[in-house]
Structure formats: structure tokens, C-alpha cells
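Below is one structure, written out as C-alpha cells; comments come after it.
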Protein chains: 2
Amino acid sequence: MHILIVEDEAGIVQFLKQGLEEEGYEITTTSDGLAGFELTQKQKFDLILLDWMLPKINGLDLCKAIRIKDTTTPILFLTAKDTVLETIEGLKAGANDYIKKPFSFEELIERIKIHFRNQNTPEILTLGTIKINLAQHTVCTNGIEVSLTQREFDLLTYLVKNKGNVCTRNQILQAVWQINFEYDTSVIDVFMNAIRKKLNLKIEEDYIKTIRGIGYIAND
Amino acid sequence: MHILIVEDEAGIVQFLKQGLEEEGYEITTTSDGLAGFELTQKQKFDLILLDWMLPKINGLDLCKAIRIKDTTTPILFLTAKDTVLETIEGLKAGANDYIKKPFSFEELIERIKIHFRNQNTPEILTLGTIKINLAQHTVCTNGIEVSLTQREFDLLTYLVKNKGNVCTRNQILQAVWQINFEYDTSVIDVFMNAIRKKLNLKIEEDYIKTIRGIGYIAND
DNA sequence: CATTACCTTAAGATTACCTTAAGATAATAG
DNA sequence: CTATTATCTTAAGGTAATCTTAAGGTAATG
């Protein structure tokens, strides 16, 4: 679990980083809002801790900016601005929690954990007659096991997890290949081809549809 | 959205029920923990507000009991027990938030909304009987799916997003074609034609009207 | 009635995707 | 540590969908 901390007071950063690392989280820190924003656009974090008063872009605006593209990553304010109005403003900006300084580290941990609690995705994903068993790392179509390579498996899983929504090529590259920038490659095509072959999907057969110019979509 | 309130102080119940109903939520209330538990086993709520001190079963135990079978429904504590230790205990029992009395009703609303935020009602744009589903990248007219190409889709989406406002040809070129300078082309016409054909729009039919000399306007 | 803007169609150009194969890399076994 | 194998990535040719251009027709405007 990778947490981004955007905070400019070195002491607090140090305190948080150390404490959270002891809890087993991977931590990235930055001290100004602009750098924080750029980080969030380049890579995906599992959770973001935000101070309100920050150089360049303040926490509130940063929160809003992140939420334009990303509506799911939990954002927790951690700030000395403690009035009700400020709290409401923070939450309205898209934050998931608003914790006032001074705070109990123990409580912070618990409030962070809330957001990781229900990330245990079901063990078996389905797409029509295709079954993906995440625990066993196996894929069956019509009851017959099909052997997929790692990348094939990851790609298929990603599409199925986002069943019903278009996945853009860039989103796929980010999620499956961890390539974070605009990049001209045709790997996706090659793997889509492999998957379709192994699962006997015709292109017209709509379990996985190509959306020209955008990406792909999985659907039962 | 259906909220269960488990709280034994009649005044608070009344206050919450009324306020939340005004916000458009459906409210069920009960004043003791056991009844609350039985309700949760019988029906599914979208969110649960819990007091700590309750007759028969206290809020903490109730929370744990609910979490045995149901790990997803958001549970919010709303209690006068305000120490850090109690907060942590509440969160560890499986609650999603812990709000201390006295609380601001406005803040409560925001903290409730957090949990409904990503119940992603798919973003659907409409224009009369035409529905555009952005996530699925599909367009339906009178319930029948119509297949549009990328450009057609972008153009239609742009017009519908600006429903009620005239879009000039230059604005359209900028938004859909990323052409930023005065440019003599008739692509727009070609695509408008294609869209109208595919969606069975007559020119007199006013979902999309031509504003001669200016551009186009979409309207229900 | 002349002019202008828009509609419509079709053909050529372009782009995106599919497919295959070969070279590069990583994992595994000898 | 090297050989072998499996997997990943790059590259390139083919194909089909899509986009753009262009040109003739039609309706609106003054």
C-alpha cells in the first residue's frame, strides 16, 4: 500500500513517514502542492494525506484538482484548520476524511485502515462464461482451464475488474504495465490478440470489444 | 438511499430524521441495539448511524455483529464518547467514521455523502430520447443502441454537454478537432450529417438545430 | 435572383488495429 | 554458471474502419 504525504512541515513529515513505514506502508512525501499534483498525475497512490496550507497550490485546490480525473483514491486532510466550515469545505472538495491537528497517531492509522478494509476483491471474477480465479491464478472458459501468461492474466483481470467501463489504452498501460506517460507502443494489441485467441473470442463476439480510438471494454 | 438510525434519545432521533429526510434520504429508526441488529439482518440499508450507548446491545457490539456478515455497508458512529481510545475502539469494530457529539449537522451530511459519492451512477448525458453513456462509450436513441465513430461520438457529446447553448463552428473545431485557428473546412457538416442520419434526426426536428452563419445548438 | 451557407454523397487518404514473427529479456533447470 | 525455455517487447505488413476532401445540390437570406 503506497501512501502519498503532501505536507510542508518537516517535523510532521518525518513523524508521519516513520510511523506509517513502521506500519508497513510505502511512503512518498512532497512538501508543495504543485509537486504533489504532478506526482498524482504520474502515478497511482492507494491513499493521499493532505495538509491544507501548502506552498504553490494549497491542499484544498490540490484535492479538487486530483478529483477531476480521479474520484476514487482516498484523500485524507490532516490540518490545523479546525472549524466546522473548513471541515465541510474540505469534505466538499472531495476528501474522504478530515482529521484535525493535533491528532492521535493511533486514530490516524485506524482512519487510514478504513479505506483499505474492503479492498479484498472477490476471489473469482467472471466475464460471461469466463471465470478468473485470482487466488489460484487460473482462468477457465466453459469449465476448461486456459493457461495465460502473467501479462495476459493481468490484462484480462484489469478489463474484467472494470467490466462495463471503457478502459483507455493509457489506463491499461498504467495499470498493467506501470507506464505512466504517453507512450507509443503496440504491446496491448499483441496481448489482446493472445487473449482472444486463447479464450476463443471472435472480435465480433462481444465479451471484449475494441473501442476504436479509445481502448477496450469487457462486458457479459 | 435508505439510512438506518439506531439511537435512543428521542430528541436526537427526531432531529436527525427530519434533517436527513429533508436531504432526500429514506429513514428508518430504532431505539435499541437488538432491534437494530434484527433490522440489519432482515433488510439492506445503504448506511447506518449508530449511537454507542444503547439499550440491550450497545453500539460497539452491534457494529461488530453487523460486520460479521456485512463488511461493506457504511457504519457511522455518532456518540458522546469522545476520547481517542473510544474512537479507536469504534473504528476497530468496523465503523467507517466516528463523529463526536455535539456535531454539526452540515458536517454530518457531508460525512454521509462521502459514502454515496462513488456509488457511481453511470454518467449519462441525455438529449431528448437520446442517451449517451460516457463510461460505456455508447449511444442509445429510444433504447436502441446506435454505433457512432469516435469523431461522431465526440461531436455529439460536445453539443449535448453544451445543451441549450449555441456552439460556434470554431468552438466545435477547437473542442473536437483541436484546430485552433480560423480554418475553412466542411468536416463538421459531414459529421453532423452522419449523426443526424444515425440518430434519425430530421433537420426540422429540433434536438440539434443548425444556426445558420454561427453553428449548432442541442436542445431537448 | 444572386449569393451564401449548409447538406449530402462518394472516393481517396489516413489512421488504428490485428496479426505474425523475430529479437530481447527473464525465469528455470541442468 | 551456462543452457534452455518461457515470456515479453518490438517491429512491420496487412486490413478494415474512419476521417477528410471535394464537388454538386439545396435551402435560406437579403
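A note on names: the letters A, B, ... follow the listed sequences, proteins ahead of strands, and every chain is numbered from 1.
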Terminal axes of the helix from C:dC1-D:dG30 to C:dG30-D:dC1 (5 end pairs apiece), angle rounded to 10 degrees, sit apart by 40°
Could you tell me how the ring of A:F191 sits relative to the ring of A:W177: parallel (under 30°), tilted (30 to 60°) or perpendicular (over 60°)?
perpendicular
Rounded to whole Å, CD1 of A:I211 lies from C1' of D:dT18 at a distance of 14 Å
Is the B:H137 ring parallel, tilted or perpendicular to the B:F153 ring (thresholds 30°, 60°)?
parallel
Please test A:F45 against A:Y25 for ring pair (Phe, Tyr, Trp, His ring centres under 6.0 Å), starting from the C-alpha separation and ending with a verdict.
CA-CA 11 Å; A:F45 295 93; A:Y25 297 110; over 10 Å; no
Keeping the roles fixed (side chain from B:R169, backbone from B:I214), state whether a donor-acceptor pair exists under 3.5 Å.
no
Any sub-3.5 Å donor-acceptor pair from A:E86's side-chain atoms to A:T83's backbone N or O?
yes
Please classify the nucleic acid contact of B:Y216 as base, sugar-phosphate, or nothing, using heavy-atom distances under 4.0 Å.
sugar-phosphate
How long is the line joining CG of B:L173 and P of D:dT21, in whole Å?
11 Å
Applying a 4.0 Å non-hydrogen cut-off, can you work out what B:Q150 is touching in the nucleic acid: base, sugar-phosphate, or nothing?
sugar-phosphate
Using whole Å, report how far CG of A:D189 lies from C1' of D:dA11.
12 Å
Please state how far atom CG in A:L148 lies from atom C1' in D:dC8, giving the value in whole angstrom units.
14 Å
Using the side chain to side chain donor-acceptor pair (under 3.5 Å) rule, take A:T73 and A:D70 through it: C-alpha gap first, then chi angles, then the decisive distance, then the call.
CA-CA 7 Å; A:T73 307; A:D70 168 14; 2.5 Å; yes
The side chain of A:R212 lies closest to which of these nucleotides: D:dT21, D:dA17, D:dC19?
D:dA17
Can you tell me how far C1' of D:dC8 sits from CG of A:N193, to the nearest Å?
14 Å
Answer yes if the side chains of A:Q150 and A:D154 hold a donor-acceptor pair under 3.5 Å, and no otherwise.
yes
If you check every side-chain atom of B:F191, which of D:dT21, D:dT10, D:dC19 has the closest atom?
D:dC19
I'd like to know if the side chain of B:T210 reaches the main chain of B:R212, judged simply by a donor and an acceptor atom lying under 3.5 Å from each other, with no hydrogens or angles considered.
no
Nearest whole Å is fine: how far is D:dT21 C1' from B:I179 CD1?
12 Å
Would you mind telling me which residue lines up with the more 5' stretch of DNA chain C, A:V190 or B:S186, judged by nearest nucleotide?
B:S186
Nearest-angstrom distance from the residue atom CH2 of B:W177 to P of D:dT18:
15 Å
Donor-acceptor under 3.5 Å (A:Q43 side chain, A:T40 main chain)
no
In whole angstroms, how far is the P atom of D:dT18 from the NE2 atom of B:H137?
12 Å
Which two nucleotides bound the region of DNA chain C that has atoms under 4.0 Å from heavy atoms of chain B, read 5' to 3'?
C:dT4 to C:dT9
